[in-house]
Amino acid sequence: MKVLKFGGTSVGSAKNINKVISILDQQSKTSKIAVVVSAVGGITDKLLEAANLACHKNLEYKQKYNAIWTKHNTVVEELFENSENDQRLQKYHEKLNDLVTEKLSDIRNLLDGIYLINELSPKTKDKLLSFGEALSSTIIHHTLKSRNLDATLKNAQELIVTDLNYNNATVNFELTNTNIQSFFESNGHSIVLLPGFVSKSASGEITTLGRGGSDYTAAIVAAALDAKELQIWTDVSGMFTTNPKLVKQAAPIVQLTYQEAVELSHFGAKVLYPPTVMPVLKKKIPIVIKNTLDPDAIGTTISQEVTANGFPVKGLSNIDNIALLTLQGNGMVGVPGFSKRLFETLAQEKINIILITQSSSEHSICIGISESDAERAKEVIDIVFEYEIALQKIDPLVVEKGLSIIAVVGDKMKSHQGISGKMFSTLGKNNVNIRAIAQGASERNISAVIHKDDVKKALNSLHEQFFEIKTKQINLFITGVGNVGERLIEQIKQQKAYVKERYKINMRIAGLSNSRHMIVNDEGINLKDWKAQLEAGEKASLDGFFAHAKNLNLRNSVFVDITANEAVSNIYSNYLKQSMSVVACNKIACSGNIEYYNELKALSRQYNASFLFETNVGAGLPVIDTLSHLITSGDNVNTIQAVLSGSLNFIFNNFNAETTFHDVVKQAQEEGYTEPDPRIDLSGIDVARKVLILARESGHAIELLDLESDNFLTEDAMNANSVDDFFETLKKDEAYYQSLYKSAEENNCQLKFVAEFDNGKAKVGLQEIPEGHPFYNLKGKDNIVMFYTQRYSEQPMIIKGAGAGADVTASGLFADIIRIANN
Ligand code: ADP
Ligand code: ASP
Ligand code: MG
């Protein structure tokens with residue numbers, strides 16, 4: 001025997017009832033089934049609303065009644081849509097119409113009666129509400145029979161016996177179990193349909209089991225019959241990690257223990273009515289929550305033990321409309337009996353306590369109750385403690401409304417440290433103020449009272465913290481989209497999906513700027529046509545770009561400077577002060593005056609934002625990162641020797657007796673290996689900046705002026721008025737340049753432009769490198785850096801590879817960005 005319960009949505013329309021019927025058809029083939037149904041979705045609420053209106057002499061109750069009438073008749077008409085052509089169907093249709101009409105007119109009479117006497121007793125309320133389930137079960141019963149399923153309808157009121165506690169009656173299990181068992185023993189039908197929620201007292205009065213009580217009916221039947229399984233069919237695919245209506249990312253929990261299910265449902269996961277669990281728990285009958293609208297989804301299984309190795313936190317839930325009562329005063333300290341009087345008073349008033357916290361100083365006690373009970377609670381408590389309040393031993397009760405409780409639930413939380421820490425720090429980081437906290441001794445539930453407006457944010461951030469594999473979003477603000485910038489954007493476009501999938505980093509370009517235009521987009525710029533968008537963007541300005549980045553206030557923002565502009569480097573500090581990281585390809589900040597360099601480093605620490613500039617030396621080669629690892633691990637750099645200019649390397653690799661210096665420099669210029677004015681490379685200033693940065697990163701406070709630069713160009717070349725004039729001087733002084741080559745050749749050496757740092761002193765200059773030296777065979781535009789350190793004292797640590805080119809530089813920037821994301 002299996003017991004299936006279908007909730008309001010499942011029987012809320014003809015379309016859904018058809019789904020229910022096909023589930024019943026299928027399941028009744030393999031086992032006898034008992035089927036408990038709720039009222040048609042929304043009907044219980046409408047009955048209540050109509051009754052309240054009638055009771056308050058408001059004639060609008062008639063409209064509510066009309067809506068109830070229309071709803072049921074529409075469902076019936078749709079279920080028997082084609083009955084005219086089939087006599088048998090027509091008979092069922094007519095019979096059903098009679099039954100539905102009869103019940104609806106009973107409802108109408110009851111409502112009219114309530115209106116006349118303007119009174120709605122709990123007893124009348126139960127009588128009225130019981131019609132919701134009576135109607136739905138009758139409709140489904142007739143439809144099943146009309147479709148040739150072997151079904152019978154049994155009024156659950158004749159089986160479930162309760163006390164006279166109307167609206168929330170207590171079940172007499174002895175009588176109830178006997179009734180259920182003897183009925184089912186004598187029943188031969190494959191499907192027994194029962195209305196949920198309804199019951200009767202031993203004296204024959206109609207009672208109900210409380211809102212959501214159809215689940216309970218099903219559990220009572222399942223337990224009485226020792227059913228194999230209790231299936232709760234609803235409109236979601238199981239019990240979710242949190243209310244799916246509030247958190248988009250919520251997902252069904254595959255397995256739960258009974259205790260976890262109780263905690264979650266008690267704390268607002270209304271997919272299961274909390275008392276439901278009790279009867280089936282005793283018999284260890286598993287509960288399976290399934291989705292009528294998606295019957296193939298696996299749903300949630302609730303049982304004694306779970307086999308899956310899930311997160312220690314199983315779910316989050318919330319109860320809204322909470323009021324917090326605070327009773328406090330010095331007179332409470334060390335005086336026994338205060339809480340007893342408090343709780344007794346609330347119990348007498350039938351006010352349910354949802355949460356209690358008491359400070360260990362006993363100076364105050366906080367109680368969470370339903371907001372609708374707050375006024376009554378205040379009234380009775382202030383009366384009970386009248387004497388103490390008059391003596392100022394305690395303060396009058398403080399009532400705060402507009403609150404909610406959120407709870408983190410899981411059996412295994414007790415064996416994991418730090419869950420409450422994570423919970424509260426997540427709430428804190430997201431600016432959610434906590435009014436009270438309670439943790440049961442079972443440690444299965446940690447609850448916090450917060451403002452109701454914060455519930456959605458709180459559940460979403462806790463859900464992200466406890467259940468989601470976090471994808472870190474990185475928001476880039478890139479300035480300078482020349483050669484290197486364009487390559488970087490291309491690389492991001494190409495690698496974006498992979499980086500997200502593999503490293504859980506979501507790279508987005510939120511801002512782009514060149515010297516003329518800029519664009520920003522907090523959703524990330526669409527990279528498909530970024531050039532056209534940028535062209536159409538607003539007029540660029542450094543301050544404007546910074547203001548945009550600041551105002552968007554996106555988490556993990558990174559400013560990327562791919563210019564060679566001093567004004568841009570001067571604005572890094574603004575970004576760092578907003579906790580935005582800076583990635584610079586631009587060398588000026590790190591090789592300019594040392595105060596600014598030091599300031600940027602300090603800001604980076606102070607504001608917890610990275611300042612990275614790997615591409616300043618050796619393009620994409622990991623020179624600075626390696627150096628920083630050496631230093632942070634306690635090594636000391638003694639000497640650095642390096643060839644750091646791709647352009648100079650190219651020139652001296654190609655210059656020999658067969659060529660002229662002029663032609664080689666011209667070729668380097670034409671192929672883009674030098675700056676448009678090749679003197680910037682040939683004078684050695686660029687190399688000087690690089691070695692200066694290495695020296696500073698090694699911990700030496702030196703300035704560019706301290707650096708010794710051995711210039712090999714002639715004075716005429718340096719002083720030439722134009723680039724063309726400069727090339728003329730190369731022609732004129734060819735003999736001088738050839739003499740440099742000759743001398744090297746005679747000494748069996750290669751010419752290399754070398755940067756050196758030794759014992760706190762740095763210098764750059766052209767050197768004759770003998771055969772066998774690591775620099776001797778340096779090819780093309782390669783760079784090489786040798787670090788002699790305390791640990792690498794005999795053999796240096798050598799980093800060698802392509803040290804120039806847009807692609808490798810862009811990939812160096814890319815690496816810096818990933819470093820920040822991984823931080
Ligand atoms: P039924 O009418 O089938 O008894 P309910 O409306 O009583 O259905 O319960 C199902 C609803 O519970 C869902 O539609 C969902 O909005 C709500 N709900 C709240 N918390 C949760 C949760 N943690 N998991 C699943 N559903 C939840
Ligand atoms: N119809 C009742 C209610 O809406 C019982 C139930 O659906 O479980 O509360
Ligand atoms: Mg329900």
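One-based numbering, in listed order, for ligands and for the atoms of each.
- Separating the CD1 atom in Ile160 from the CZ atom in Phe173 is a distance of 8.5 Å, to the nearest 0.5 Å.
- Close approach of ligand 2 to Ser214 is summarised as follows: ligand atoms under 4.0 Å from at least one heavy atom of the residue are 5 (C), 6 (C), 7 (O), 8 (O).
- Protein heavy atom in closest approach to atom 8 (O) of ligand 1: Thr234 OG1, 3.2 Å.
- Not counting sequence neighbours, the partners of Ala218 by the side chain to side chain contact (heavy atoms under 4.5 Å, CB included) test are Val3, Lys5, Val36, Leu230.
- The closest protein non-hydrogen atom to atom 18 (N) of ligand 1 is Asn243 OD1, 3.8 Å.
- Residues meeting the side chain to side chain contact (heavy atoms under 4.5 Å, CB included) test with Ser265, sequence neighbours left out: Met239, Leu272, Pro274.
- Salt bridge absent: Lys284 and Glu305 never bring a charged side-chain N and a carboxylate O closer than 4.0 Å.
- At a heavy-atom cutoff of 4.0 Å, ligand 1 is contacted by the side chain of Pro244 but not by its backbone.
- Those atoms of ligand 2 with a heavy atom of Ser38 less than 4.0 angstrom away are 6 (C), 7 (O), 8 (O).
- For atom 20 (N) of ligand 1, the closest non-hydrogen atom on the protein side is Ala269 CA, 3.4 Å.
- The single protein non-hydrogen atom nearest to atom 3 (C) of ligand 2 is Arg211 NE, 3.3 Å, given as residue, atom name and distance.
- Closest to atom 2 (O) of ligand 1, if we only count protein heavy atoms, is Gly8 N, 3.0 Å.
- Using a 4.0 Å cut-off between charged side-chain N and carboxylate O, Arg444 and Asp411 make a salt bridge.
- For atom 13 (C) of ligand 1, the closest non-hydrogen atom on the protein side is Asp235 OD1, 3.6 Å.
- At a 4.0 Å cut-off, not a single heavy atom of Gly196 sits close enough to ligand 2 to count as contact.
- Counting heavy atoms under 4.0 Å from ligand 1, residue Lys5 touches it through the side chain alone.
- For ligand 2, the atoms sitting less than 4.0 Å from at least one non-hydrogen atom of Thr44 are 1 (N), 2 (C), 3 (C), 4 (O), numbered in the order shown with element in parentheses.
- Of all protein heavy atoms, the one closest to atom 23 (N) of ligand 1 is Phe240 O, 3.1 Å.
- Within the 4.0 Å heavy-atom criterion, the part of Thr242 lying near ligand 1 is the backbone and not the side chain.
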